[in-house]
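Not measured: the values here are computed from a predicted model. Note that ligands are numbered from 1 as they come in the structure, with each ligand's atoms numbered from 1 the same way.
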Amino acid sequence: MTGSEPLVLVVEDEPQMRRFLRACLHSQGYRLVEAGTGAEAMLLATSHNPELVLLDLGLPDEDGVALTRRLREWSRVPIIVISARGREEDKVSALDAGADDYLTKPFGTSELMALMRVALRRAPTGEGIPPTLSFGTLRIDFSRREVTRNGQTVHLTPIEYKLLSLLAQNAGKVLTHRQILKDVWGPAQTNQAHYVRVHMAELRKKIEADPARPRLLITEPGVGYRLRDQPEG
Ligand code: CA
């Protein structure tokens, strides 16, 4: 092996299935790292930057669909779900969360290999969102869902975290009230502009040195909000 073969992250808690996948992948020349829990998977995804993820949905500490959603907050790595759950709604929820494909157990080796080849071909060549972003003294670690300011943890509610992540991943761009509502609260809530105002005010109290004179989270009057990508001073 030259070390340039694609690195695959296998997330699976059943030892038998792990052995089977390991044998399959090795025989085809893939390199792999293995995780038995969602927590291990997140760690390996950030430390090893795999080119493909094979993901079991039933993990001891976290549902695979939730894990997919968390990975998608910062990574575009192709994800193929391998699951015993064969119902249509299971497939839909995994695909909606950001999985690229879905394989129901039991399956044949050649089918898995074919899906992996397709996923790797389709894989984006550009860089995804890095696992951490910094704005002045504010730092967001997407893999840990952790926000710090001057090295101190900032305690955000889930909504505040979603708002900040959305703004950070679009730093420098203006996001309209409507876009923010759709992404954070869902398509049914796009008329609730006051939600955005209230939560932005709360978020400012936590991330701005002087919330009355924000340097980071900027209001674009009548349009929406923007996170400054290069905050002054
Ligand atoms: Ca399992």
Side-chain angles (χ1 to χ4, degrees), residues 1 3 5-124 128-132 140-146 158 161-162 165 169 186:
M1 272 191 232
E5 290 82 3
L7 180 69
V8 179
L9 169 59
V10 173
V11 189
E12 169 67 73
D13 60 324
E14 284 166 52
Q16 239 184 319
M17 192 66 194
R18 280 258 283 274
R19 261 199 306 279
F20 169 72
L21 289 171
R22 197 183 303 140
C24 263
L25 297 191
H26 276 154
S27 75
Q28 301 291 319
Y30 289 102
R31 294 178 299 140
L32 75 154
V33 282
E34 300 175 30
T37 63
E40 275 172 31
M42 273 318 261
L43 269 179
L44 289 174
T46 48
S47 60
H48 284 68
N49 204 16
E51 283 141 275
L52 180 73
V53 178
L54 297 182
L55 174 66
D56 175 36
L57 289 187
L59 298 170
D61 61 335
E62 186 173 14
D63 188 81
V65 174
L67 182 64
T68 301
R69 221 170 270 126
R70 285 212 289 145
L71 275 169
R72 279 289 171 264
E73 286 173 3
W74 58 273
S75 172
R76 282 186 284 176
V77 65
I79 300 173
I80 301 176
V81 167
I82 296 179
S83 176
R85 303 179 199 165
R87 294 179 310 167
E88 190 175 0
E89 61 247 52
D90 293 320
K91 293 185 188 173
V92 169
S93 66
L95 295 171
D96 276 349
D100 295 89
D101 223 320
Y102 196 105
L103 193 56
T104 306
K105 294 174 186 171
F107 55 86
T109 312
S110 42
E111 189 181 8
L112 172 64
M113 292 304 147
L115 289 186
M116 287 176 62
R117 283 193 300 272
V118 170
L120 286 166
R121 264 205 307 274
R122 276 200 220 126
I129 296 158
T132 65
I140 308 165
D141 183 330
F142 294 103
S143 58
R144 295 167 185 272
R145 296 179 80 91
E146 193 177 79
Y161 179 79
K162 272 174 111 174
S165 302
Q169 285 163 10

Item to check | Charged N-O contact under 4.0 Å between E14 and K105 | outcome: yes
Next on the checklist: Tell me which N, O or S atom from D13 is the closest to the Ca ion (ligand 1).
Outcome noted: OD1
Checklist entry - Using 4.0 Å as the upper bound for N to carboxylate O, is an ion pair formed by R72 and D100? => result yes
Item to check | the Ca ion (ligand 1) contact by E12, N, O or S atom under 3.0 Å | outcome: no
Next on the checklist: Run the side chain to side chain contact (heavy atoms under 4.5 Å, CB included) test on V81 and L103 for me, step by step, so that the C-alpha distance in whole Å, both residues' side-chain angles and the decisive distance to 0.1 Å come before the verdict.
Outcome noted: CA-CA 6 Å; V81 167; L103 193 56; over 6 Å; no
Checklist entry - Taking both backbone and side chain into account, is any N, O or S atom of G58 nearer than 3.0 Å to the Ca ion (ligand 1)? => result yes
Next on the checklist: Please give the atom name: the N, O or S atom of D56 nearest to the Ca ion (ligand 1).
Outcome noted: OD2
Checklist entry - Roughly how far, to the nearest 0.5 Å, is OH of Y161 from CD1 of I140? => result 7.5 Å
